[in-house]
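Data first, discussion second: the structure below is written as structure tokens.
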Amino acid sequence: MTTDIRALDDEQDLVAAANVFRAAMIGLPPLPDLRPGQIARLLEPGRTIGAYVDGQLVGTADAAASGLTLPGGAVVPHAAVTHIGVLPEFTRRGIATALMRHQLDDIAARGEVVASLRASEATIYERYGYGVASLSHSVEVHTARAALRPGVGAGGPVRLVPTAEAWELLPRVCAGNRPSRSGTLDRPAPWWAAARLRTESSSGPSYVAVHGEPGAESGFARYRPVGTESWFVSDQRTIVVEDFFAPTADAHLGLLRFLLGLDLIDKVVFWSLPVDDPLPWLLVDRRAMRVTAVHDETWLRVVDAHRALAARRYVGDGALTVAVHDRLLPHNCATFTIAGDGAEPTDRRPQLHARVEGVAAVLLGGASWRSLAAAGLVRADDPEALAVADRLFAVPDAPYAGFYF
Ligand SMILES: CC(C)(COP(=O)(O)OP(=O)(O)OC[C@H]1O[C@@H](n2cnc3c(N)ncnc32)[C@H](O)[C@@H]1OP(=O)(O)O)[C@@H](O)C(=O)NCCC(=O)NCCS
């Protein structure tokens, strides 16, 4: 069997690839009817690749360019990897591996420093050098018990905007209020087009609440009711907040008060909050909320360790030497000295040896070097160096992106 990987640009091939991905994922809704030319707006040109076996398209992968914020605020070029799927009758023959290798070479050739994805299963991507770099929480709040403490601020004004208007406004709100938190990702234009299509092709109601005065909006929540079959008689009326973009304390409070104060609603489910979200501290009764799941959020691939390590900031005056090992990208193997004033390549003997997926896990500050050493992802020739590394890589906020792609 020979597998041929190539970039897809023809409209029919792109639709075929989208259907291969859906068949692989099993549980996604079918692709809605698309207008001529519409598929091209859902994808970044030149980045959808297909795997062909005997002329048949059997696997696909995709990416879109965006930026990733590192600790200290630098934004580095990033590939948002998505739509990876292989038809079920062609799995476990190395097709995903061929796609991932091809894509990594392409990402490196484009000069992108990192790539990231959201994983359908946690056992797939480490072999390609991806590591878990941020976590998110799903949280449910029982509104009847969810009074905020008397000293908690009011936040700013919140208004509903018609969804058609929202698709113009929300990308501007994100771009104009970029969080400083490490792990922040820009949402690429194809992501907005796909989110819009998903919303418009689903039959139920959905709402967009925006925080801030018109012209100076600084946050938003996209939400919808669930379990609407028995809505009139239900005593558990629930909304799901699919997208909670609240980068400032004011936006966070304004949107929170709006959502928790909605008439009729017994339960507000946040699909994704940062693990250090202040919500439990704001509540009089912290048991009004419950963390229902912890998700591995950003699976990060460090494609250019030199640029990634040099671009982030470090804390304190320690110093250490780390060797990065990358099985798939040999040019990415190097040794670095890392200190409070930065990171640079060195010929010195390494104190720590890190596999590239381990570097991904610590880069944004979401995991400790000590945990990785315990897991065997890092080898410490000098055990003291682990504590130094954890001090250097400390971050003020838990890394977080806040959306799925
Ligand atoms: C995940 C998927 C793309 C893998 O494709 P594939 O062509 O079977 O992968 P490969 O044959 O290249 O497998 C490479 C290795 O990964 C392992 N692997 C692949 N999928 C795995 C999975 N879901 N769980 C555990 N291991 C997996 C294989 O066993 C193989 O291991 P080896 O190198 O030790 O032999 C495919 O199973 C799929 O389409 N799944 C459903 C859709 C999906 O989950 N997509 C990911 C969206 S984020």
Looking only at atom types and distance, does a side-chain atom of [X] sit under 3.5 Å from a main-chain N or O of [Y], one as donor and one as acceptor?
| X | Y | value |
| --- | --- | --- |
| Ser201 | Leu197 | yes |
| Arg127 | Ile124 | yes |
| Glu297 | Ala401 | yes |
| Thr143 | Ile265 | yes |
| Thr199 | Ala195 | yes |
| Arg181 | Pro396 | no |
| Arg313 | Gly73 | no |
| Ser182 | Leu364 | yes |
| Glu11 | Ile39 | no |
| Asn332 | Ala305 | yes |

Solution key, residues 56-68 side-chain donor-acceptor pairs under 3.5 Å, sequence neighbours excluded:
| from | atom 1 | to | atom 2 | distance (Å) |
| --- | --- | --- | --- | --- |
| Thr60 | OG1 | Ile49 | O | 2.8 |
| Asp62 | OD1 | Thr48 | OG1 | 3.1 |
| Asp62 | OD2 | His83 | ND1 | 2.8 |
| Ser66 | OG | His78 | ND1 | 2.8 |
| Ser66 | OG | Asp186 | O | 3.3 |

Looking only at non-hydrogen atoms, find the nearest pair between [X] and [Y] and report the distance.
| X | Y | value |
| --- | --- | --- |
| Ala98 | Ile5 | CB-CD1, 3.9 Å |
| Pro88 | Ala23 | CD-O, 4.4 Å |
| Tyr130 | Arg301 | CE2-CB, 3.4 Å |
| Leu185 | Phe405 | CD1-CE2, 3.7 Å |
| Leu99 | Gly50 | CD2-C, 4.1 Å |
| Ala251 | Gly219 | CB-CA, 4.3 Å |

With His353, which residues qualify under ring-ring contact (aromatic ring centres under 6.0 Å, His included), at least two apart?
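Scan of His353 (ring-ring contact (aromatic ring centres under 6.0 Å, His included), adjacent residues dropped) gives His325.
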Looking at [atom1] of [X] and [atom2] of [Y], how far apart are the two atoms once the value is rounded to the nearest 0.5 Å?
| X | Y | atom1 | atom2 | result |
| --- | --- | --- | --- | --- |
| Ile338 | Leu352 | CD1 | CG | 8.5 Å |
| Arg145 | Asp285 | CZ | CG | 4.5 Å |
| Ser371 | Leu386 | OG | CG | 10.0 Å |
| Thr298 | Leu135 | OG1 | CG | 9.5 Å |
| Leu14 | Gln38 | CG | CD | 13.0 Å |
| Tyr400 | Leu273 | OH | CG | 5.5 Å |

Give me the one residue out of Phe403, Phe244, Phe245 that meets ring-ring contact (aromatic ring centres under 6.0 Å, His included) with Phe220.
Phe245
Find out whether the Lys NZ or Arg CZ of Arg312 is both under 6.0 angstrom from the six-membered ring centre of Tyr314 and within 45° of the ring's axis.
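Yes, Arg312 and Tyr314 form such a contact.
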Side chain to side chain contact (heavy atoms under 4.5 Å, CB included), that's the test. Do Met289 and Val291 meet it? Break it down for me.
CA-CA 7 Å; Met289 65 156 273; Val291 173; 4.0 Å; yes
Quick one: do [X] and [Y] make a salt bridge, cutoff under 4.0 Å?
| X | Y | result |
| --- | --- | --- |
| Arg237 | Asp266 | no |
| Asp243 | Arg187 | yes |
| Glu112 | Arg110 | no |

Side chain proximity check, [X] to [Y], heavy atoms < 4.5 angstrom:
| X | Y | result |
| --- | --- | --- |
| Arg101 | Thr97 | yes |
| Val113 | Val303 | no |
| Asp326 | Leu328 | yes |
| Ile239 | Val269 | no |
| Met100 | Leu117 | yes |
| Val81 | Gln103 | yes |
| Val324 | Thr335 | no |
| Val141 | Lys267 | no |

Salt bridge (charged side-chain N to carboxylate O under 4.0 Å, His left out) partners for Asp9, two or more places apart:
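Asp9: no salt bridge (charged side-chain N to carboxylate O under 4.0 Å, His left out) contacts found.
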Can you name the salt bridge (charged side-chain N to carboxylate O under 4.0 Å, His left out) partners of Arg327, sequence neighbours left out?
none
Tell me whether [X] at atom [atom1] has more than 12 heavy atoms from other residues, nucleotides or ligands lying less than 6.0 Å away.
| X | atom1 | answer |
| --- | --- | --- |
| Gln12 | CD | no |
| Asp54 | CG | no |
| Arg118 | CZ | yes |

Between Glu242 and Tyr223, is a side chain to side chain contact (heavy atoms under 4.5 Å, CB included) present by the stated rule, with each step listed?
CA-CA 6 Å; Glu242 297 176 334; Tyr223 64 94; over 6 Å; no
From the options Ser272, Ser138, Ser136, select the one residue that forms a side chain to side chain donor-acceptor pair (under 3.5 Å) with His295.
Ser138
Test log, rule side chain to side chain donor-acceptor pair (under 3.5 Å), inputs Arg178 and Thr69:
CA-CA 10 Å; Arg178 204 175 188 289; Thr69 304; 2.4 Å; yes
Are the aromatic rings of Trp271 and Tyr404 close, with centres under 6.0 Å apart?
no
Apply the test side chain to side chain contact (heavy atoms under 4.5 Å, CB included) to residues Gln351 and Val322: give CA-CA distance (whole Å), side-chain angles for both, the deciding distance (0.1 Å), then the verdict.
CA-CA 6 Å; Gln351 295 159 290; Val322 181; over 6 Å; no
Expected list for residues 150-176: side-chain donor-acceptor pairs under 3.5 angstrom, two or more places apart:
| from | atom 1 | to | atom 2 | distance (Å) |
| --- | --- | --- | --- | --- |
| Arg159 | NH1 | Gly212 | O | 3.4 |
| Arg159 | NH2 | Glu217 | OE2 | 3.0 |
| Trp167 | NE1 | Thr163 | O | 3.3 |

Are His252 and Asp277 close enough, and set up right, to give a side chain to side chain contact (heavy atoms under 4.5 Å, CB included), and what steps lead you there?
CA-CA 10 Å; His252 184 262; Asp277 192 278; 3.0 Å; yes
Those residues that, when tested against Asp390, pass side-chain contact (heavy atoms from CB on, under 4.5 Å) (two or more places apart)
Ser368, Trp369, Arg370
